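On a predicted model such as this, the values are computed, not experimentally measured, just so you know.
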Amino acid sequence: MDKINVLRLKRTLSYLESKQRELKRQNKNDTRSLESMIKYLKKDMLEQFKLTDYDVYIKGEINNTETFIQSVKSIIDTNSR
């Protein structure tokens, strides 16, 4: 992955993490729109950055946002060297 895409992926991941934190803070409020945004963002990240080229298991982790975030961080770390 080239450096520009790594930087873009970092920014996108940061945005995803902020939305995940916001979702956790919402507690019992209606969170459907946030959940939907997070789901769309994860799918978009998979396609846009072709993350399955770097982690073959990441597509299976898309349902668990925390695991997905950790996998993306790992991809960033590996490609930042």
Side-chain angles (χ1 to χ4, degrees):
M1 186 180 296
D2 61 19
K3 291 190 184 282
I4 292 172
N5 278 335
V6 170
L7 290 173
R8 287 178 51 230
L9 182 58
K10 281 182 181 179
R11 283 190 219 122
T12 307
L13 177 62
S14 178
Y15 182 73
L16 174 62
E17 288 175 315
S18 73
K19 291 301 166 189
Q20 181 68 8
R21 285 190 301 271
E22 188 177 333
L23 179 66
K24 286 181 178 180
R25 282 193 304 265
Q26 291 289 326
N27 283 345
K28 296 181 181 169
N29 296 335
D30 187 9
T31 58
R32 285 177 290 185
S33 61
L34 265 177
E35 289 169 347
S36 163
M37 181 186 300
I38 288 170
K39 182 178 178 181
Y40 171 79
L41 185 57
K42 290 186 291 186
K43 284 184 179 181
D44 186 53
M45 288 171 74
L46 271 177
E47 293 170 10
Q48 184 177 356
F49 297 103
K50 298 176 180 31
L51 295 179
T52 53
D53 291 352
Y54 304 96
D55 182 349
V56 293
Y57 300 108
I58 198 164
K59 197 167 191 171
E61 297 167 351
I62 200 164
N63 294 326
N64 183 325
T65 303
E66 296 297 328
T67 306
F68 182 82
I69 288 171
Q70 291 306 314
S71 294
V72 173
K73 282 182 179 180
S74 176
I75 290 170
I76 290 170
D77 287 344
T78 301
N79 289 280
S80 291
R81 297 178 187 156

Item to check | Distance in Å, T12 OG1 paired with L9 CG, rounded so as to fall on 0.5 Å steps | outcome: 6.0 Å
Checklist entry - For D30, what residues pass the salt bridge (charged side-chain N to carboxylate O under 4.0 Å, His left out) criterion, not counting sequence neighbours? => result R32
Checklist entry - Could you state the interatomic distance from CG (L23) to OG (S18), rounded to the nearest 0.5 Å? => result 11.0 Å
Next on the checklist: Checking E35 now: which residues fulfil salt bridge (charged side-chain N to carboxylate O under 4.0 Å, His left out) with it, not counting sequence neighbours?
Outcome noted: none
Next on the checklist: Does anything in residues 4-14 form a salt bridge (charged side-chain N to carboxylate O under 4.0 Å, His left out)? List the pairs, not counting sequence neighbours.
Outcome noted: none
Item to check | Set of side chain to side chain donor-acceptor pair (under 3.5 Å) partners for D2, sequence neighbours left out | outcome: N5
Checklist entry - How many angstroms lie between atom CE of M37 and atom OH of Y15, to the nearest 0.5 angstrom? => result 4.5 Å
Checklist outcome for this item: Residue pairs passing the salt bridge (charged side-chain N to carboxylate O under 4.0 Å, His left out) test with at least one member in residues 40-59, sequence neighbours excluded, are none
Item to check | ILVMFWY network linking L7 to L16, side-chain heavy atoms under 4.5 angstrom | outcome: no
Checklist entry - Do you know the tightest heavy-atom contact between Y54 and F49? => result CE1-O, 3.7 Å
Item to check | Residues which pass salt bridge (charged side-chain N to carboxylate O under 4.0 Å, His left out) with R21, listed by chain and number, not counting sequence neighbours | outcome: none
Identify each donor-acceptor pair in which a side-chain atom of residues 66-81 lies under 3.5 Å from a protein atom, sequence neighbours left out, and give them as a table.
residue	atom	partner	partner atom	Å
E66	OE2	Q20	NE2	3.2
E66	OE2	K24	NZ	3.0
T67	OG1	N64	OD1	3.4
T67	OG1	N64	ND2	3.3
S71	OG	E61	OE1	2.3
S71	OG	T67	O	3.2
K73	NZ	E17	OE2	3.0
T78	OG1	S74	O	2.9
N79	ND2	I75	O	2.8
S80	OG	I76	O	2.6

